[in-house]
2 protein chains.
Amino acid sequence: MANSKVYLEIVKQLREMIAADGLMQGDKIPSERELSERLNVGRSSVREALRALELLGLIETRRGEGTFIRDFHGHQLVQLLSTFILQDEKAKSDVYETKYLLEMDCLRLAVKKMDDAMIYSMEKWLSETAQFHDDDFFCQIVQGAENHLFSRIWGILKDYYNALIANPVHYDRKDYFLLFKALAEKNEQKTLSAYCKLRNLSID
Amino acid sequence: MANSKVYLEIVKQLREMIAADGLMQGDKIPSERELSERLNVGRSSVREALRALELLGLIETRRGEGTFIRDFHGHQLVQLLSTFILQDEKAKSDVYETKYLLEMDCLRLAVKKMDDAMIYSMEKWLSETAQFHDDDFFCQIVQGAENHLFSRIWGILKDYYNALIANPVHYDRKDYFLLFKALAEKNEQKTLSAYCKLRNLSID
DNA sequence: AGACGTGTGTGGTCTGACCACCAAGTTTTT
DNA sequence: AAAAACTTGGTGGTCAGACCACACACGTCT
């Protein structure tokens, strides 16, 4: 059988193990030696798998204590990748373009799906929060889109985007209100053009 | 000194080494044993670093040959994370919805970006291919969108979608022609409604 | 010229051995 | 009794050496 590399197999097993035992972020996973024994592989192979996952930011190891599941939205991976990919301008523009398109999709969904309660709570948040980050705003929009898969993809892209951007742009606060207003009116056309205005995108 | 982990140091050294020697994608990097010697570390540590980079998709190893720099234009991160994220999301409708939205985005991009040569070759393909799969058609559209990241995401979604669908639907061949025609005319409105018709989506 | 070993180098894996560190329990000191 | 010091077992971190599977290039044989 196994022509596949052992460490990849371990990554897979680990994922299943986490799912099966319902381990959450912060929980401890079995020690390297125990994994090695339970999976019938050498400790080196276990370590290769763990180190890879660590570099990805999916787990965290503390010497003398153990290995723990980490907050999946770790920025580490993104940061790391960006140092490798930084040079590629085309890749950058791909990220921008994709993020914008996804956000517009979210807006389209939100226009259809957001109910009054959500709109109200967002309105409250907007009026009460003096200073907010662009991500905070769109995080709510994305939630309003009620598509978990979409949320995930957007979340990754957002982190990636932020890692690429040297100086985070700050948009005009008024434009957020306009965007929200159009959204609350459930007017797709208006919402999208408000978005383009916010992002300084040509409407083309 | 060094409380920092060796394998992380190696990752850093490796990056510098690649930059200094101007290594490009496809080039071979020194063997594990040589790196171990040059950096004065154990081969295990070198391997931990390499395995991590491999899982990230930054390098590729071929047994008996060596380790090579990979085309990391390819945003492997999405691929990877998806295996961790998609596992528990059973919401089929999310997948459908997301796939459709992405395809529409691709169409919007394609309307703007596809040049005459691509349109011509696609027209040729359409007329010459008696029977084709839905994926084949959209694979070309996605390429026309000229966004590698988008291609990746769509590719993953497509596979996931196909895995969810028991009996692959076969759409009307005529509808593909209509869609292509609208695309060739570079008419976004028409293209999108042709897509909705193809997929039997309400225009809402 | 072609087919066939064979040698060398490469990644892939396992084992055993240390070290550094931490936490918890145990003993000693105050 | 309370506080400090020590012991112990478990954990990750690292290394060295061994063996395997594989790929390629070289030389040999036909």
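Below, all heavy atoms of this structure are taken into account, side chains as well, without hydrogens, waters or symmetry copies. In what follows, chains are A, B, ... by sequence order, proteins preceding strands, each numbered from 1.
Of the charged side-chain nitrogens involved, none lies within less than 4.0 Å of a carboxylate oxygen, so that A:E9 and A:K5 do not count as a salt-bridged pair. A salt bridge links B:R51 to B:E32: one of the charged nitrogens lies within less than 4.0 Å of a carboxylate oxygen.
Classification of the B:Y176-B:F138 ring pair by plane angle, with boundaries at 30° and 60°, yields perpendicular.
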- Query: salt bridge (charged side-chain N to carboxylate O under 4.0 Å, His left out) between B:K99 and B:E103: does it pass, once the steps are laid out?
  - Reply: CA-CA 6 Å; B:K99 178 166 182 273; B:E103 285 175 351; 3.0 Å; yes

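Residue A:L35 contributes atom CG, which lies 11 Å from atom P of D:dT11 at whole-angstrom precision.
Of the possible polar contacts, none joining the A:S45 side chain to the A:V41 backbone as a donor-acceptor pair under 3.5 Å is found.
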Enumerate the protein-to-nucleotides 10-13 of chain C contacts in which both atoms are nitrogen or oxygen and the separation is below 3.5 Å.
residue: C:dT10; atom: O2; partner: B:G64; partner atom: N; Å: 3.3
residue: C:dG11; atom: OP1; partner: B:T67; partner atom: OG1; Å: 3.1
residue: C:dG11; atom: OP2; partner: B:E32; partner atom: N; Å: 2.9
residue: C:dG11; atom: N7; partner: B:R33; partner atom: NH1; Å: 3.0
residue: C:dG11; atom: O6; partner: B:R33; partner atom: NH2; Å: 3.2
residue: C:dG12; atom: OP1; partner: A:K5; partner atom: NZ; Å: 2.8
residue: C:dG12; atom: OP1; partner: B:T61; partner atom: OG1; Å: 3.3
residue: C:dG12; atom: OP2; partner: B:R47; partner atom: NH1; Å: 3.1
residue: C:dG12; atom: OP2; partner: B:R51; partner atom: NH2; Å: 3.4
residue: C:dG12; atom: O4'; partner: B:R63; partner atom: NH2; Å: 3.4
residue: C:dG12; atom: N7; partner: B:R43; partner atom: NH2; Å: 2.9
residue: C:dG12; atom: O6; partner: B:R43; partner atom: NH1; Å: 3.3
residue: C:dT13; atom: OP1; partner: A:V6; partner atom: N; Å: 2.6

